[in-house]
Amino acid sequence: MTKKRYTVTSALPYANGPLHIGHIAGAYLPADIYVRYRKSKQDDVLFVCGSDEHGAAITLRAKKEGLSPQEIVDTYHQLNKQSFADFGINFDIYYRTSDPLHHQTAKEFFEVLHEKGVFTETVSQQFFDEEHKQFLADRYIVGTCPKCGNDNAYGDQCEKCGSALSPNELINPKSTLSGNEPVMKETKHWYLPMQEHEDWLRDWIENGVFNGKQRHNPKHWRSQVIGQCKSWIDGGLRERAMTRDLDWGVKVPIEGADGKVLYVWLDAPIGYISATKQWALDNNKNWQDYWQNDAELIHFIGKDNIVFHAIIFPIILKAHGDFVLPTNVPANEFLNLEGQKLSTSRNWAIWLHDYLKDFEGQQDVLRYALCSTAPESKDTDFAWADFQTRNNSELVGIFGNFINRVVVLTNKYWDGHIPAKGNLTSYDEEVLAELSNCADKVGQLIENYKLREALSGVINLARLGNKYLADTEPWKLKKTDEKRTQTILNIALQIAAHLSVFSEPFLPFTAHKLSDMLNIEQGRWDKVKELQSGHKINGANLLFTKIEDEVIDQQLSKLKA
RNA sequence: GGCGAGGUAGCUCAGUUGGUUAGAGCGUCGGAUUCAUAACCCGGAGGCCGAGAGUUCAAAUCUCUCCCUCGCUACCA
C-alpha cells in the first residue's frame, strides 16, 4: 500500500507589495503549522507556495513607478521569499508564476480545456483607455455614483453607499490610468460557464461526494466556507471570463488571441501545480502523485479567496480531469490591528519584514501571538499589549520558566545528568498518562484545523509541568528523600522532552533550542523518545525574554506615524 | 440592496444532535511558596450569551423581526 500524500498550498501572495501580519495569520502560519505537524509524523506532505506575478494591478503599479512589471515582481518576490524563510515558514518550494515552466503548464491546461470544449467564446463591448491602449477592468473606472452622487465611485461598486454598479451606470466615467473618458470597444473572451457545474458542485460541497465517492466530511469544513459556496450556488452560477486583454501574463495559446492573457485567477491556482512540477524536477519525484488518486489537497487561504478555491478552481480541475479536488479549504477570517481593519494604503499594518528587523530572533513570539488569536471562526484582533502579555506571561512565565526550572535543578543537583525514575505515585502515573495522551489530543486538533486550541494544549503541558513541580516540591525533598527527588525530576524532564516535540510546529525556533538544551535530536510527534537516565543535558539557556513597555510603546507610536 | 459569517466575563476568545450552578487565558482581589526570568501554584469576585418576540417541561443553542461588525456581490487580486 502506498503512503497517503498531502499537498498543502498557501495562497500565492500578489507580488506588488510586502507581507503583513494579516496575510501571515490567515494563510501562511496555519499552513506551516499543519505541515510541520505532518512532517513530524513523517507523513508524505508537500507544501507549495510562490509569488502571483501577473495581472493588471502589477502593470499599473509598474507604470506609476516608471519601472517594468518584471522589476516590480522581482523586488517583491525576493523580499517576500526572504521574509517567509526568516520567519520559519517552511515551504518545500517558493515558486513564481513568471517562471517559464508555469507559463507552459498554464498554457497546456488552457489548451486541454479549450479542446474539451469547456469554454464559450463571447464578443462584448468593454471600456478602453485609448491613451494607455488598454481595456479597463471595472475597478479601474471611476465616476459619479448614480445612486448617491459620490464622485469617486468605482466601476464595480460605490464605496460610499455600498451599491454594486456596472461601469456604464457611472456618470462621467473616467479611466483611473489616464483620467480620460474611456471609449467602448469590442473584444472577444473565453468564458467558463459555471452554471453547467452546479449539480455536482452542490453534492460535493454539501455532502463531500465527488464522482460517486465520499471524498471528505463536510462537517470538517468551516461554516463560512460552506455558507459562501452555497450562497453562490443557490443564487445560480454564471459564466465568467477566463481571459483578459493585457500584455503581462500567460499568453492565451490559441490563434486569434493576440494581446490576451489568462485571467490571473485561472493562472494563479495552476501555479500550485507548476510549483509541484518544479519541486518534483528538483527532487526526483513524480508530481502527479501529489495531485491524483488519494492525495489530499488542502488550500489555506483568507476568507476573500473562498469562491476561487472552493468553486472556480475545482470546476477547472474537474473539467480538465485527472486531478483531485481539495479535501478542505480551511479559510480564515480577517485579523484586525488594534481594533481597526488592516489597510495597506493607510499603512495600518505590521509588516513582516519590519517585525523581523525590530524583533530579531523573536519569530516565535509573533508566531505564538498570531496563532493564539488566529481568526479561525470570526475576525479577531491583534493588539501590541496582547502580544506583550502573551510573551511575558505565557512564553516567559509558563513555558520558558518551566524549562528553566527543570534544567537548572538537574544541573544543580546532578551536574546535568538525568536521574533515574523509581517507584511511581498515582500522581506520577496521571502526569505520564497525560503526556502520552497529548500527541493524539493535540494532533487531532491540528488535523481539524483548530490550531488555537491545539496550541493551548501545548502550553497547558507546560502549565502541568509547573503545577507538578509546585505540588511535589523537589527542592524540599532533596534534603530528605533523594530517590523521590530523582523520580520527580525525571518525570519533569520527560515533560520537557515532549514539549520540544509538540511545540515544534508552532514554535520551531524554540523547539530546536530546547532540543539542544536537552542534548537530544528533534523528536517525532508520534514516537517521543523517553530520556534515559544518565544522559547529560546542557546548561540552562533562556528560551524567551521579557518584552518591556518601551518596546511596545515604540511599536504603537510607529503605527500612528 | 441581496447573500454569507459573526455579536458570549473588564479585555482577547471557546462553547449548537436544546438539558445540572455558561467556559479558558489575561486583568483584578486574596492566599501559598522560594527550584525558577518578582516567574510559578491555589482560591474568590466578575456574564439579562446584541435587542425583542415565539416554539418547548427546558433556549447562548431552534424560528421570526430588528440593530451592529466583517466578507462576497461575479472584470481588484
Side-chain angles (χ1 to χ4, degrees), chain A residues 11-14 16 52 54-58 60 124 126-127 135-141 147 154-157 161-167 189 194 222-232 234-241 243-245 263-265 268 302-308 311-312 331 333-334 336 341 372-383 385-386 389-390 392-398 400-410 412-413 450 452-453 456 459-460 462-463 465-471 473-476 478 489 492 540 542-546:
Chain A
L12 305 188
Y14 200 55
N16 76 337
D52 176 7
H54 297 141
I58 281 168
L60 297 180
S124 67
Q126 289 192 8
F127 277 115
F135 280 94
L136 296 165
D138 295 356
R139 192 78 194 174
Y140 298 120
I141 300 165
K147 293 177 184 161
Y154 291 104
D156 55 347
Q157 191 185 32
C161 68
S163 29
L165 303 170
S166 79
H189 283 294
M194 297 197 290
R222 293 189 174 156
S223 58
Q224 61 265 34
V225 176
I226 291 185
Q228 188 166 351
C229 290
K230 278 169 80 171
S231 156
W232 271 57
D234 291 346
L237 296 177
R238 297 172 228 161
E239 58 175 26
R240 187 167 180 128
T243 53
R244 291 289 183 276
D245 290 293
Y263 177 35
V264 279
W265 267 111
K303 66 173 160 181
D304 51 337
N305 279 348
I306 289 171
V307 167
F308 296 102
I311 291 184
I312 302 177
E333 301 273 329
F334 283 166
N336 291 324
K341 272 198 266 193
S372 302
T373 183
E376 291 175 354
S377 62
K378 62 177 172 185
D379 291 356
T380 56
D381 192 44
F382 178 94
D386 181 62
T389 302
R390 296 271 183 201
N392 292 355
S393 75
E394 297 179 21
L395 292 179
V396 176
I398 310 280
N401 184 36
F402 169 65
I403 298 302
N404 194 43
R405 297 170 84 179
V406 174
V407 173
V408 165
L409 283 173
T410 304
K412 189 188 277 186
Y413 292 166
K450 297 187 173 181
R452 283 190 354 184
E453 203 179 337
S456 103
I459 202 78
N460 281 343
R463 282 183 214 276
N466 279 317
K467 181 171 163 49
Y468 179 71
L469 289 181
D471 289 344
E473 299 182 302
W475 48 90
K476 280 188 181 166
K478 177 72 171 118
L489 258 299
L542 297 180
L543 291 179
F544 305 98
T545 52
K546 280 205 151 193

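Note: hydrogens, waters and symmetry copies are ignored here, and every other heavy atom, side chains too, is used. Proteins come first, then strands; the chains are lettered A, B, ... in the order of their sequence lines, and each starts at number 1. Just so we're clear, the structure is a prediction, and the values are computed from it rather than from any experiment.
The phosphate of B:rG6 (OP1 or OP2) has no side-chain N or O of A:Ser377 nearer than 4.0 angstrom. The side chain of A:Arg452 places an N or O atom within less than 4.0 Å of a non-bridging phosphate oxygen (OP1 or OP2) of B:rA14. OP1 or OP2 of B:rA39 lies within a sub-4.0 Å distance of a side-chain N or O belonging to A:Lys546.
Each of A:Thr545 and A:Tyr140 has a nearest nucleotide on RNA chain B; the 5'-most of these lies closest to A:Thr545.
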Close N or O pairs between protein and nucleotides 69-72 of chain B (under 3.5 Å):
from: B:rC70; atom 1: O2'; to: A:Lys303; atom 2: NZ; distance (Å): 2.7
from: B:rC70; atom 1: O2'; to: A:Asp379; atom 2: OD2; distance (Å): 2.7
from: B:rG71; atom 1: OP1; to: A:Lys341; atom 2: NZ; distance (Å): 3.1
from: B:rG71; atom 1: OP2; to: A:Lys341; atom 2: NZ; distance (Å): 3.2
from: B:rC72; atom 1: O2'; to: A:Gln228; atom 2: NE2; distance (Å): 3.4
from: B:rC72; atom 1: O2'; to: A:Trp232; atom 2: NE1; distance (Å): 3.2

Close N or O pairs between protein and nucleotides 25-32 of chain B (under 3.5 Å):
from: B:rG25; atom 1: O2'; to: A:Glu394; atom 2: OE2; distance (Å): 2.6

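Summarising the geometry, the separation between CZ on A:Arg222 and P on B:rG6 is reported as 12 Å, rounded to the nearest angstrom. Rounded to an integer number of Å, the gap from A:Ile459 CD1 to B:rC13 P is 19 Å. Counting to the nearest Å, the C1' atom of B:rC76 and the CD1 atom of A:Ile141 are 12 Å from each other. Remark: P of B:rC76 and CZ of A:Phe135 are 16 Å apart, rounded to the nearest angstrom.
Taken to the nearest 0.5 Å, the CD1 atom of A:Ile398 stands 9.0 Å off from the CG atom of A:Asn460. For the atom pair CG of A:Leu237 and CH2 of A:Trp232, the computed distance is 7.5 Å after rounding to the nearest 0.5 Å.
In this view, A:Arg139 and A:Asp156, A:Glu159 satisfy the salt bridge (Lys or Arg N to Asp or Glu O under 4.0 Å) rule, not counting sequence neighbours. Listed by chain and number, the residues in a ring-ring contact (aromatic ring centres under 6.0 Å, His included) with A:Tyr140 amount to none (sequence neighbours excluded). Scanning for salt bridge (Lys or Arg N to Asp or Glu O under 4.0 Å) contacts around A:Glu394 gives A:Arg390, with sequence neighbours left out. A:Lys467 pairs by the side-chain hydrogen bond (donor to acceptor under 3.5 Å, both in side chains) definition with A:Asp471, not counting sequence neighbours. Not a single side-chain hydrogen bond (donor to acceptor under 3.5 Å, both in side chains) links A:Glu453 to another residue, sequence neighbours left out. The salt bridge (Lys or Arg N to Asp or Glu O under 4.0 Å) test applied to A:Arg244 returns no partner, not counting sequence neighbours. Judged as a salt bridge (Lys or Arg N to Asp or Glu O under 4.0 Å), and not counting sequence neighbours, A:Lys378 has no contacts.
Nucleotide B:rC26: paired with B:rG10 (Watson-Crick or G-U wobble, both distances less than 3.5 Å). Of all nucleotides present, none satisfies the Watson-Crick or G-U wobble test against B:rU37 with each distance under 3.5 Å. The partner of B:rU17, taking Watson-Crick or G-U wobble pairs whose two distances both stay under 3.5 Å, does not exist in any strand shown. Remark: B:rA51 base-pairs with B:rU65. Criterion, Watson-Crick or G-U wobble with two distances under 3.5 Å. With a 3.5 Å ceiling on both atom-pair distances, the Watson-Crick or G-U wobble partner of B:rC72 is B:rG2.
The base of B:rC35 sits within donor-acceptor range of the side chain of A:Arg405, with an N or O pair under 3.5 Å.
Across all strands shown, A:Asp52 has heavy atoms under 4.0 Å from sugar-phosphate atoms exclusively, and none from any base.
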